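This report refers to the structure that appears directly beneath it.
These numbers come from a predicted model, not from an experiment.
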Amino acid sequence: MVYDLEQENKEILARYKDLISNTYRTLDEEQNKLIRKAFDIALDAHKDQRRKTGEPYIYHPIEVAKIVANEIGLGATSIACALLHDVIEDSEYTYEDLNKIFGKKIADIVNGLTKISVMNHQNISIQSENYRKLLLTLSEDFRVILIKIADRLHNMRTLESMTPEKQKKIASETVYIYAPLAHRLGLYNIKSELEDLSLKFNNPDVYFDIVERLELAKESREKYIEEFKKEVSEQLINEGLSFSIKGRAKAISSIYRKMLKQGVTFDEVYDNYAIRIIYRSDAKNEKFLAWKIYSIVTDLYHSNPQRMRDWITQPRSTGYESLHLTVLGPDKKWIEVQIRSERMDDIAEKGVAAHYKYKEGFRQNSDEKNFETWVTEIREVLENQQSLSTTELLDNIKLNLYSKEVFVFTPKGEIKILPTGSTALDFAFSVHSDLGTKCLGAKVNGKLVPISYILQNGDQVDILSSQNQKPKADWLDFVVTSKAKSKIKAILNSEKNHLVEEGKEILQRKMRHAKLNFNDEEINKMQKFFNLKSSQELFLGFQNGSLDIGDIKKYSEGKSLFSNILQRFRKSPNKNEAFEEAPETNLDLIVFGKDEEKMNYSFAKCCTVIPGDKIFGFITISDGIKVHNDNCPNAINLRAQYDYRVLPAKWVNEESFKNRIKIEIEGLDRMGMINDITAVISNSMNMDMKSMSIESNNGIFLGNINLEVKNRSQLEETFKQLKNINGVSRVKRL
C-alpha cells in the first residue's frame, strides 16, 4: 500500500498543534517543553508503525493525550505519559532510557501502563491475576489507570477496524472492567461513552435503534428545552444569578438498561433526557445558591418528592455533587433537572482529576479523603488476595465500584459512607479490622440490634465488642463490603492455609514420583481435570487422602483432555455414528469457527436460543460446546473472562428446526381478548401454542404463553401483530 508521507507528516503536526492549543494557556513554558520532548520521543519510537486502519501509529498516542488533557483534565506529566504510553512496549526505548530522559516519575507511570498493556495482549482471562495487577497500579498512582482508561476510550472509538469477534471481546472487557473503574473515578461522561460503545459492538441492532429514535425526538426535545429555559431564565436573571441551562439526552446504554429493567419500550422511558442548570458561585455561597435555584424551579413546576436526590449536602464517595429533582415540565411530562455549580460540573465531568483544581476554599478535602479511603480499601483487599478466588475478588471490587451508598454516623458524629445493603458488621470493619473481628452486636440509634442489621441512611451506630469473639463462617452470608469479606476469609482460612501447604508438599512428592513437572500450568490442568474450583481444593484433596497416586495416574493418562476438546466434539465423518453420539442436537444446524466446522453441541440453559438469533459457542470444561444467545445475561462475562474459549457460531438450514420459547403479554382486559390473541398465534402465524395462562386483575390482564417457533423472523412478525391488538400494551420474550 502506498502512503502519502508528506501529507501524513502535515496531519501529525496538525494533531499535535490541536493538542497543545488547549493546554498552553494553563501550562508554563517548562511544562510545554516537557510535552514537546515526549512528543518527539514518541514520534521517533513509532515512526515505522501503523495501526490496523493503516494510519500512522502516532495518531493514537496523540488522541489519548487529548483525552487526558481535555476530557479528564490532567496536567503536563500525565499528557507526556499519554504520548509515551506505548513506547516501552512497542519500540527499543527501555524503562532506563525514559528514566534518564524524563526522570523516575514519568518512567514509572509509563512502565505501569506497559504492564497492563502486556496483560491485555496475553490470551488468558483478564479476570485472573491481571485484574489484581491492574488494581495494584491504581493504588500506586491513580494517573496510571486514568491514562489507561483514556487509552481504552480511544481504542473503543476506533474499534471498527477489528474483526467482529475481536470487537465483542474488547467491548465485553470494557463494560466489565473499565466502565466501572471510570464510574468510581467520577468520569461519568467517559463511563457512559464506554458503555454506549460497548453496546454498539455487543448489540448493534439495539444501539442503532435507540440512536435513530433519539435523533427523531431531537427536534421536539430542543423545543421543550427552549421553553423550559425561557420560563426559568427569567426568574434566575431577576435574582441576579450568572448561569447556563443545557439539555442532554441520557446515555444510550442507560436508556437500554431502563427498557430491560422496567420491561418497557423506548417511548415508555419517560426520562430519556435531562436539563442541567449550571451556576457561577464563590465558595461561601455555593450551597445556598443551589437551594435558591431549587426553590425557583419548584415554584414554577410541580416536583416529584420520591425522585429528589441531594448530592450536595452529602456528596457521593466519588466526589460527585449535584441536586437532582424531577418536575412536571412545560408539556406536563416528567423531566429530570440537575442543579450544580461550575466547580461541581467540572468534577462531575472530569472526576477525581478535577479535585486538585479546587483544594482551597471548597469542601475538597472530604472528597479527596473519600477517594483515598477507597484506594486504601482496594489495597487491603489485595493484601489478603490468597483468601479470595479471582472471581470473588472481581465481584467484591465491582460491587464497591458501582454500588449505591448509605450514609451513617459514628457515636462521635463522623460520617461513614458504605454500599447500600451494608450491615452493622460491615460498619465495624470500616472503622477498624480488629473491631470487626471482635464484633458482638451494635446499638443503632440507641437500640440493640444484631450484627446482621442492615443500615439505613442517618443511622448512628455504636459497635459492641468482646475479646473472646471470633469470625464465623456464616458472617460471610450477610456482609457486603469487600474489606469485611476479605478480612473474614483471611482469618477463617488461616488454619486451612496450613493444611493446603501440607497438601502441596504431598502432591509435589507424588508428581515427582510420577515424573510430572510441578508448575502452575500443570496444577491448573490437574485442577480442571478433577473438576475442582481452585488449586487449594486440589492440595486439600491430597492432604486429607481423598486424592492419591492412583488419581495422578488417571490424570497423566488423560491430561490432554482440555487441549483436545475441540477434536472430541468435531462431527464424525459417519453421519449415523455422529447422530448416535448426540441425538438431542441437529449437527447440520450450526457451524463453528472461521472454517465453519460441524461439531457436537447443546444449548445453554441460561438463555433461549432460536434460529436466526445471533449466537456464539462456548467450550465448557466437562460438558462440551454450549451455544448461547448473543444477548445472554452471561455473554459479556464469558467474553471478558474466557475469550479464548469462545467460538464464533453461524446458523445453517434454520428452517428445519423448532424451538420452544415463552412470551409475556400485558394490557387492558376486555371481552374477546383471548380469542384475538389465539387468532394471531394459531391462524395468522400458524404457530403451535403449547400452553397459555392469563390472569386478570382490576381490568388489567397478564399472560404467559409457551410457543414453538421456527425462526426469529416468525417471532418478530408475531410480536408485531400481537402489539396491534386493541388493548395490548406490552409483549416481551422471557
How far apart are the C-alpha atoms of R143 and T77, what are their side-chain angles, what is the distance that settles it, and do they pass the side chain to side chain contact (heavy atoms under 4.5 Å, CB included) test?
CA-CA 9 Å; R143 284 172 296 193; T77 300; 3.9 Å; yes

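- For the atom pair N524 CG and M526 CE, the distance stands at 11.0 Å (nearest 0.5 Å).
- Between the side chain of S546 and the main chain of G541, a donor-acceptor pair closer than 3.5 Å is present.
- Nearest heavy-atom pair, D434 versus T437, reported as atom, atom and distance to 0.1 Å: O-OG1, 2.8 Å.
- Side-chain atoms of M344 and W311, non-hydrogen and from C-beta on, never get closer than 4.5 Å to each other.
- If you take CG on L540 and CG on L532, they are separated by 10.0 Å, rounding to the nearest 0.5 Å.
- In this structure, the side chains of I463 and V431 stay at 4.5 Å or more apart for every pair of heavy atoms.
- Checked by atom type and distance alone, the side chain of Q469 pairs as donor or acceptor with a backbone atom of C439 at under 3.5 Å.
- Heavy atoms from other residues, nucleotides or ligands lying under 6.0 Å from NZ of K438 number more than 12.
- Side-chain contact check for Y294 versus M308: some heavy-atom pair is nearer than 4.5 Å.
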Worked verdict on D151 versus K148 for salt bridge (charged side-chain N to carboxylate O under 4.0 Å, His left out)
CA-CA 5 Å; D151 176 39; K148 183 60 200 172; 2.9 Å; yes

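- Closest approach of M511 and N517 over heavy atoms only: CE-O, 3.1 Å.
- Considering only heavy atoms from C-beta on, F409 stays 4.5 Å or farther from K416 through its side chain.
- Note that CD of E173 and CD1 of I636 are 12.0 Å apart. Values are rounded to the nearest 0.5 Å.
- Listed here is the closest heavy atom pair of C81 and L113: O-CD1, 4.4 Å.
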Please test C607 against N631 for side chain to side chain contact (heavy atoms under 4.5 Å, CB included), starting from the C-alpha separation and ending with a verdict.
CA-CA 8 Å; C607 54; N631 293 332; over 6 Å; no

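- Side-chain contact annotation: D426 with T423, donor-acceptor N/O pair under 3.5 Å present.
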Apply the test side chain to side chain contact (heavy atoms under 4.5 Å, CB included) to residues E336 and H324: give CA-CA distance (whole Å), side-chain angles for both, the deciding distance (0.1 Å), then the verdict.
CA-CA 7 Å; E336 184 179 88; H324 291 198; 4.2 Å; yes

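- Side-chain contact between L499 and F539 is absent, with no heavy-atom pair separated by less than 4.5 Å.
- Proximity of a side-chain donor or acceptor of R645 to a complementary backbone N or O of I619 within less than 3.5 Å is detected.
- Residues K626 and S602 bring a donor and an acceptor atom of their side chains to less than 3.5 Å of each other.
- In plain terms, the two heavy atoms of S322 and Q338 that are nearest each other are OG-CB, 4.0 Å.
- To the nearest 0.5 angstrom, L323 atom CG is 12.0 Å from R309 atom CZ.
- The line from CD1 of I149 to CG of L194 is 7.5 Å long, rounded to the nearest 0.5 Å.
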Dump the intermediate steps for side chain to side chain contact (heavy atoms under 4.5 Å, CB included) on H628 and C606, then the final yes or no.
CA-CA 8 Å; H628 292 259; C606 52; 3.4 Å; yes

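- When all heavy atoms of K483 and S430 are compared, the pair lying nearest together is NZ-O, 4.0 Å.
- Two residues are said to be in side-chain contact when any heavy atoms from C-beta on lie closer than 4.5 Å; L507 and Q543 fail this criterion.
- Of all heavy-atom pairs spanning F530 and D551, the tightest one is CZ-O, 3.4 Å.
- Proximity of Y176 to T174: side-chain heavy atoms (C-beta onward) are nowhere separated by under 4.5 Å.
- Other residues, nucleotides and ligands contribute only 12 or fewer heavy atoms inside 6.0 Å of the NZ atom of K104.
- Q460 contributes no side-chain N or O that, together with a main-chain N or O of V408, makes up a donor-acceptor pair within less than 3.5 Å.
- Atom CD1 of I488 sits about 4.5 Å away from atom CZ of F429, to the nearest 0.5 Å.
- Residues W475 and K487 form no side-chain contact, since every pair of their non-hydrogen atoms from C-beta on lies 4.5 Å or further apart.
- Here the side chain of D459 pairs no donor or acceptor atom with the backbone of V461 at under 3.5 angstrom.
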